[in-house]
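First the structure, in the form of structure tokens, and then the observations on it.
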Amino acid sequence: MTLFQFLATTAFYAAMLGILIAAALCVTVRNLFHSAVFLAFTLIGIAMLYFFLQAEFIAAMQILLYVGAIMTLIVFAVMLTSRMGNPAVPQSFKNKKIVFLPLGLVGFILISAILKTPWETSEPQTAVNAVTLGKALMNQYVFPFEVVSLVLLVALIGAIVIARSE
Amino acid sequence: MNCPYLQNMDQQSTLDTQRLEVSLGPQHPSTHGVFQMDVVLDGEQVIRLKPVMGYLHRNHEKLMENMSWLACMPYTDRLDYFCALANNFSYALAVEKLAGIEVPERAQYLRVIMAELTRLINHIVLVGFLLNDLGAFFTPVLYAFREREKLLDLFEDVTGSRMMCNYFRFGGVKRDVPPDFILRVREIVNQFPKFLDELEELLTHNEILLSRCQNVGILPKALAVNAGITGPVLRASGIPYDIRKIDKYSIYGRFKFRVPVGEAGDVYDRYYVRILEMRESLQILEQAINEIPDGEVISKAGAQAAKMPRTLKVPKGDAYGRTEAPKGELGFYLVSDGSGKPYRYHVRAPSFINLTVLEDMCIGQKVADVIIILGSIDIVLGEVDR
Amino acid sequence: MHIPIDHILVFTSILFLIGLYGALSRRNAVGILISIEIMLNAVNVNFIAFSRSFASSPESGQIFVMFAIVLAAATAAVGLAIVLNIYRNQKTIYTDEIHLLKW
Amino acid sequence: MLNTIDQIFIKAKQIILDILSPFLPEWMMILISIFIVIVTLCVFGPVVMMYLTLLERKFIGRMQNRYGPNRCGIFGLLQPLSDGIKMFTKEDIVPQKADPFAHFLGPITVIIPSLLVFSVIPFGRNMIPSDLSIGILFFFAVASTSTLWIFTAAWGSRNKFSLLGGMRAVAQMVSYEIPMLLSIVPALLVVGSFSTVAIVNAQEGLQWFVFTPWGLVGFILFFLTGVAEVNRCPFDLPEGESEIIAGFHTEYSGMKFALFYMAEYMNAFSVSALVTTVYLGGWQGPILPSWLWFFAKTFVLISIMMWFRGTFPRMRVDQLMGFAWRGLLPLAFINLLAAALWVHLSFPLNDILSFCILTVSVLMIYVANRKVAPKKRIYKYAYE
Amino acid sequence: MYGLGVLKGLWVTIKNFTLSYFTRKRLTTVQYPEERITLSEHARTFPILVYDESPDKLRCVACEICAKECPPKCISIVRAQDEAGKPLKQPKFFDIDYSVCMNCGICEEVCPFDSIYMDRQFELSAYERSEEFLYTKDRLAKSAEYFSKIRPETAKKVEEKRKAKEK
């Protein structure tokens, strides 16, 4: 176990921990704008994970699309729907304790299933770089690629029509 | 920001963006002095604008009521502190009309030369600051200041002080000009058009300036006339009203010069009409230098009044003297009860009256345009608040 | 850098649960949308983890993640447009106060 | 001889490593070599920023017929130092109404992307901090996050002017990001890989991309959108001084404002560095050492940005958007088409064809925007 | 053509930049403390009192015309008296409040005895406003040589007038 690998794994686990903390904060904090900022931190943390899992192109995509575009959308929505300087209204249901019951149940089942099954992991092949991704997109997945662009177009027009002020 | 005037606003009906009540000023970087505008914004669009003035009120008119006629003269420099000599000119005219003092030929020519040089200073400084509001990082202002320094040095030699000149006396001017005065004015007049061409090359056909200034802050002809607007703002809206041509006061009748007139009445017209006016002033200066006679600079009665101000007898009655100051029609309404002190002293300040149409021009424009519309009206707070 | 796969899976399930908790307990519609984004991201990490060590063609996982990101963008856009429209007419985006079918 | 000067920095690093190697264990050496690169970058960034501010003030000063700062130090060389001290000692006020978390977060998160971005820029022959296989994409991903951080800063300071500035910043950056990405794609198309080193190697000798027809249009597009992305002069709406005081960093003072100020200049440097890498052949150049070529080209581009700042007034928000959506975006798409054609055809035909496609498209865009373009006016005179 | 105006603007600024290294006309800064602009003959700042031989024998005869004519009323004069209480022809106190004076030069015009003139000294900063700017008689007094040094022509004219009057 050379130092390099030791450093990389500790960094990986540290990143995982950081993401969990940021996500937990994002979900519980009262001020909506703070939760949006913590969401941005979780997204960047996840992009770091992708770097560790040798999916560089996806990491760059994640930062570019998620943090660059979707976060801007969310922040604009937060700004438009909350009056500037309004008192922090309680963000969650009064009896939010009840939610923990189903969550605990689902969690227990899920994690116990994961830990029991014997995952025979084969050695990771060569890293996937943008060139192979591009070739796959254009040859094997060309149909879903076109359909997704159509879906995006429909979503774009839909969003404009709904949000347009008369 | 609780702007009292806007408190009774009805809550906005549809949400596009929250209505922002912003108060631009009194210490805002581009309101040319202490001037506040309470603006209601819908996003970037201006819905309502209320100018708030009076921060620089110095009780000018009441103060003059216990000053002798001559002692009022240095205070007129402080009205529109950019063009002190233009203020002196109309105050001197008003008192001379009241007291019936004649002005010798040479003094008339000196007065016209001084007034036109002040017009040059005022217009180039305005063009500079208008561009500064637009965002050009001080470059046009510093070119304008480079030229203005030459003129201010000339004023210092002639009148004694760069901006607070106090040079006019009833019946002429305070003292004769230094011998090389005509030479220096000729040199300025020859070199100024070159500077104007360079400034125009930098600005007039600049696409960003064109798109930012055209069709912005339009002042329709009818509104301009009804609101009593005067000066370049009125001429930019298409009405050729210039007091130098109408009253032909002092000796303006002898000079041949044209009056530029815009047609759209937007910020670009107000900017360009002032550049053309500068070129006309240069024509006047040209003719004035060639025809200036020699002779005494102040009439006998004037000199005696300047030496012993007590002896100046101003008969009972009232008079209204007005001149074409660089910002518009600057008028002095003086009432005298024969006691050596003005009984009533009122200043018709062009900037104050031009300011009344600010809201009409700004409704519907964007925040960035409000600043340049204010800049294009060319107000100086010393004159607005008096 | 060998990370056992089940560690990543446990991490993503916890992340998924946090997103679920947020979606269930939040009153604010935008808050719910934020939590859904977290859940989507948890799923994406799973894709990448699996594609790296199991898939015959390793890039299929990454392509799925790209499509997932694009679709998340589409849902976010339409979702926020709906939220904005509700806010305009109802002046509130607290989900428990939006109960009129027709206003 | 030339090669040693060319590789002087790498040799210096090697010498330091050789000195240290007997004393430290092997795994520590890897850390040290990475550490040296990081330290040079973190020192190089702020120093470049300090002397860029001085260069800008002197350059614009001379344009306005006056000296720039020349009181501290011989030619004002210590002026950035005194600015720095002033920034340190100034009291840093947090407005009472402001949201402390976002207000505190603003400057930190704005500075991180501008430093991260340096890791992908090839400063000289094999002098690149980290040769990522997705170099350019990493640059854009990190640069696009700055939109969000500028908005946190604006929203955090709870003041109407900074809110306006924040909204303008987001709108401007979003609408200029797309033409920026598209103006890079032709170069990637020709080179075939994202890594910046590959792009620079593809421009061997003097075959810089800027000399090809699509390269010239791409260069102009990328430079203009770069200036917009960095909020510098004709597009510096987010901190339009005359209208909204200082836009999103109105409520910041002291060291926080210094961070914003530093981020702006480092972004300007990194954008012009990327323009040189992609279109002006990075460190490719005849005789001089590679890093000298790189800094000369970047320096020329930065002085063009400063030249813009000394001359142009600011564009209004809607004109800014119109310029992006109606002018730059269609041109970027057509440029992509022309570059694709250029790649596939042989030498004489491809230049001619792509050249006429581009000129026709520029004329078409110009004609399409005619009614929007302002018209020149003639003025009448009364009292002839 | 659309982009031409913008390019011409750029041309003007770069022309100014290059020329500023060659012609002084394009680089107009005067480095103030080191280089100074020579003030002209009639430049005026604050009034001073002129004396011929010794500072306590001022030309001023305390006729108080300038105090009456001064617009902001910043001059205050108290006439001197000999022991018998008979008023003498010189001032006991002569104060000018420099912080009130607006250097308009009217006192210089109306003074029949050529005793009060406008100086050109403008670097008069002080730490304390009330006492420091109230210039008393001895701080105001300046010799006739100093006066003729700063304003040669007016000093010559005044000399001729005084000689003509003595004859």
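By convention in this document, chain letters (A, B, ...) are assigned in the order of the sequence lines, proteins followed by strands, and residues within each chain are numbered from 1. The model shown is predicted, which means the values in this text are computed figures rather than measured ones.
- In terms of the side chain to side chain donor-acceptor pair (under 3.5 Å) criterion, residue partners of B:Glu198 (sequence neighbours excluded) are, by chain and number, E:Asn16, E:Arg26.
- Between B:Leu203 and B:Tyr143 the shortest side-chain heavy-atom distance does not fall below 4.5 Å.
- With a 4.5 Å cut-off on non-hydrogen atoms, D:Ile60 touches chain B through its side chain but not through its backbone.
- Residues from residues 231-241 of chain B that place a non-hydrogen atom less than 4.5 Å from a non-hydrogen atom of chain D comprise B:Pro240, given in numerical order.
- The residue among D:Met63, D:Gln319, D:Met315, D:Arg377 with the most heavy atom pairs within less than 4.5 Å of chain B is D:Arg377.
- D:Tyr265 has its side chain within reach of D:Arg232: a pair of non-hydrogen atoms, C-beta onward, lies under 4.5 Å apart.
- Between chain D and the residues B:Leu202, B:Leu209, B:Asp269, the largest count of heavy-atom pairs under 4.5 Å involves B:Asp269.
- Here D:Phe260 and D:Phe257 keep their ring centres 6.0 angstrom or further from each other.
- Side chains of D:Asn231 and D:Gln172: a donor on one and an acceptor on the other come within 3.5 Å.
- No more than 12 heavy atoms of other residues, nucleotides or ligands shown are found within 6.0 angstrom of CZ on D:Phe75.
- For B:Phe145, no part sits under 4.5 Å from any heavy atom of chain D, backbone or side chain.
- Each of B:Thr204, B:Ile372, B:Leu134 was checked for a side chain to side chain contact (heavy atoms under 4.5 Å, CB included) with B:Tyr271, and the lone residue meeting it is B:Thr204.
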